[in-house]
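From a predicted model like this one, the values you see are computed outputs, not experimental measurements.
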Amino acid sequence: MEVGGSFSRLSSPRPLPFSLSNCAKHPNPTKLNLSFRNSGCAPVSASVERTSGSNTAVQLDSKVETILDSVKWDSKGLAVAIAQNIDTGSILMQGFANRDALAKTILSRKATFYSRSRSSLWTKGETSMNFINVHDVFLDCDRDSIIYLGKPDGPTCHTGAETCYYTSVYDMMEGSKEDKEERLAKTTLYSLEATISKRKEEIKTLPNGKPSWTKKLLLNQELLCSKVREEAGELIQTLLENEDKDRTASEMADLLYHSMVLLNLKDVPMEEVLEVLRKRFSQSGVEEKNSRKKN
């Protein structure tokens with residue numbers, strides 16, 4: 001079932017009950033108009049493709065209502081909502097959602113929150129156009145917090161940073177004055193990528209600086225290519241010679257590091273590689289290889 005549509009912003013002094021029960025037929029017999037209304041507020045509507053007869057709206061109504069009812073909303077009708085990058089794993093931002101915001105997110109696939117200061121819904125990107133396109137929504141084990149797992153169209157933070165999390169508590173304790181762009185909360189993989197990029201910049205700004213191994217690889221493509229081949233071969237040997245898991249992990253780490261240096265030289269971010277992998281999840285390996293041959 002495909003869902004698409006437009007939503008008008010609600011304006012209310014507090015989160016109000018959300019209802020999916022008002023359904024009206026669309027002039028197009030293949031669609032339904034779902035009208036969601038809160039008492040005293042503007043309607044929220046969506047267009048839903050009919051794919052399996054007249055039960056589509058009823059099924060949507062029942063399933064979404066069940067999900068909304070399962071969330072343990074606090075005394076103000078809110079739950080913490082966290083947006084996470086589906087490919088990098090980065091935590092993009094944290095806000096709050098009420099029933100309306102979660103329902104709108106599910107239907108529109110755009111991360112939507114409830115503004116406590118404005119007492120209204122807001123969709124991330126409605127002003128900046130840097131939407132967070134939601135691929136999935138997760139509830140935690142206690143059903144009192146939500147994750148919007150999605151792909152951002154651009155910087156999430158209003159400061160222009162990739163995420164809203166760029167202040168390290170330990171840096172603050174140590175009085176560090178490092179540039180905040182270099183201190184984004186990153187996983188191991190992306191910290192490595194950032195370090196490789198930093199070494200590349202140092203070659204330009206500090207040409208006579210310490211010749212680190214990464215800089216040597218960046219300056220010598222033949223050396224880099226030979227190391228990628230070498231590390232790939234050593235990884236293969238751990239299987240052929242039945243070496244232990246630690247050895248395999250070590251060789252894979254070496255191959256990954258050298259491959260990431262190569263990616264840096266080609267200006268290919270790791271996020272693009274992971275996006276390619278994600279898009280292949282629903283495609284067989286045979287089909288994917290055949291499609292590459294055609295292209």
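- The salt bridge (charged side-chain N to carboxylate O under 4.0 Å, His left out) test applied to Lys200 returns Asp267, not counting sequence neighbours.
- For the side-chain hydrogen bond (donor to acceptor under 3.5 Å, both in side chains) test, no residue two or more places apart in sequence or in another chain qualifies with Asp144.
- Residues Tyr114 and Asp100 form no side-chain contact, since every pair of their non-hydrogen atoms from C-beta on lies 4.5 Å or further apart.
- Residue pairs meeting the salt bridge (Lys or Arg N to Asp or Glu O under 4.0 Å) criterion with at least one member in residues 83-96, sequence neighbours excluded: Asp87-Lys151, Asp87-Arg278.
- Partners of Thr163 by side-chain hydrogen bond (donor to acceptor under 3.5 Å, both in side chains), not counting sequence neighbours: none found.
- Atoms CD1 and CG, from Ile132 and Asn85 in turn, are 9.0 Å apart once rounded to the nearest 0.5 Å.
- For the ring pair (Phe, Tyr, Trp, His ring centres under 6.0 Å) condition, no pair includes a residue of residues 62-88, sequence neighbours left out.
- Considering only heavy atoms from C-beta on, Arg116 comes within 4.5 Å of Leu78 through its side chain.
- In this structure, the side chains of Arg99 and Glu65 come closer than 4.5 Å at one or more pairs of heavy atoms.
- Side-chain heavy atoms closer than 4.5 Å link hydrophobic residues (I, L, V, M, F, W, Y) into clusters, and following such links, possibly through other members, connects Leu235 to Leu224.
- Side-chain contact between Lys124 and Leu92: absent, with no pair of heavy atoms (C-beta onward) separated by less than 4.5 Å.
- Leu223 and Leu263 fall within the same hydrophobic cluster, where Ile, Leu, Val, Met, Phe, Trp and Tyr residues are linked whenever their side-chain heavy atoms come under 4.5 Å apart, directly or through other members.
- In plain terms, the two heavy atoms of Val71 and Ala79 that are nearest each other are CG1-CB, 4.2 Å.
- By the rule that hydrophobic residues join a cluster once side-chain heavy atoms approach within less than 4.5 Å of another member, Leu149 and Tyr190 end up as members of separate clusters.
- Smallest separation of non-hydrogen atoms from Ala161 and Pro155: O-CB, 3.4 Å.
- In this structure, Gln94 contributes its side chain and Ile82 its backbone to no donor-acceptor pair below 3.5 Å.
- In this structure, a donor-acceptor pair under 3.5 Å is present between the side chains of Thr105 and Tyr148.
- Under the side-chain hydrogen bond (donor to acceptor under 3.5 Å, both in side chains) criterion, Glu241 pairs with Gln237, sequence neighbours left out.
- Residue Ile147 holds its CD1 atom at 11.5 Å from CD1 of Ile86, rounded to the nearest 0.5 Å.
- Side-chain contact between Ile203 and Leu219: present, with at least one pair of heavy atoms (C-beta onward) separated by less than 4.5 Å.
- In the hydrophobic clustering of ILVMFWY residues, with side-chain heavy atoms under 4.5 Å counting as a link, Leu274 and Val134 come out apart.
- For Arg199 against Ser212, the heavy-atom pair with the smallest separation is CD-OG, 3.8 Å.
- Taking the side-chain hydrogen bond (donor to acceptor under 3.5 Å, both in side chains) definition, one finds that Asp142 meets it with nothing, sequence neighbours left out.
- The distance from the OG1 atom of Thr248 to the CG atom of Asp244 is 7.0 Å, given to the nearest 0.5 Å.
- When hydrophobic residues (I, L, V, M, F, W, Y) are linked wherever their side-chain heavy atoms come within less than 4.5 Å, the members clustered with Ile236 are Leu240.
- What you find for Ala97 and Ala81 is that their closest heavy atoms are CB-CB, 4.0 Å.
- The 12-atom threshold is exceeded at NE2 of His135, counting heavy atoms of other residues, nucleotides or ligands nearer than 6.0 Å.
- Cluster annotation: Leu189 and Ile91 are assigned to distinct hydrophobic clusters (Ile/Leu/Val/Met/Phe/Trp/Tyr, side-chain heavy-atom contacts under 4.5 Å, transitive).
- Here Glu201 pairs with Lys204 under the salt bridge (charged side-chain N to carboxylate O under 4.0 Å, His left out) rule; sequence neighbours left out.
- Between Phe113 and Gly95, the closest heavy-atom pair is CD2-CA, 3.9 Å.
- A side-chain contact (heavy atoms from CB on, under 4.5 Å) with Glu193 holds for exactly one of Glu271, Met260, Lys186; it is Met260.
- We find the CD1-CG distance between Ile67 and Leu102 to be 7.5 Å, quoted to the nearest 0.5 Å.
- Evaluation of the salt bridge (charged side-chain N to carboxylate O under 4.0 Å, His left out) rule for Glu234 yields no partner, not counting sequence neighbours.
- Counting all heavy atoms, side chain and backbone alike, Val228 lies closest to Leu255 at O-CD1, 3.6 Å.
- Taken to the nearest 0.5 Å, the CD atom of Glu162 stands 6.0 Å off from the OG1 atom of Thr88.
- Taking the side chain as every heavy atom from C-beta outward, Ser70 and Leu139 approach each other to under 4.5 Å.
- Pairs passing the salt bridge (Lys or Arg N to Asp or Glu O under 4.0 Å) check and including a residue from residues 245-262, sequence neighbours excluded, read Glu243-Arg247, Arg247-Glu251.
- Side-chain contact between Ile146 and Val137 is present, with heavy atoms from C-beta onward closer than 4.5 Å.
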Point to revise | Asp153 vs Met129, side-chain contact (heavy atoms from CB on, under 4.5 Å): CA-CA, chis, key distance, verdict | key: CA-CA 8 Å; Asp153 284 332; Met129 303 308 292; over 6 Å; no
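- With sequence neighbours left out, Glu272 forms a side chain to side chain contact (heavy atoms under 4.5 Å, CB included) with Val268, Pro269.
- If you take OG on Ser145 and NZ on Lys72, they are separated by 11.0 Å, rounding to the nearest 0.5 Å.
- Without hydrogens or angle criteria, Thr112 side chain to Lys110 main chain gives a donor-acceptor distance under 3.5 Å.
- Between Thr156 and Asn130 there is no side-chain heavy-atom pair separated by less than 4.5 Å.
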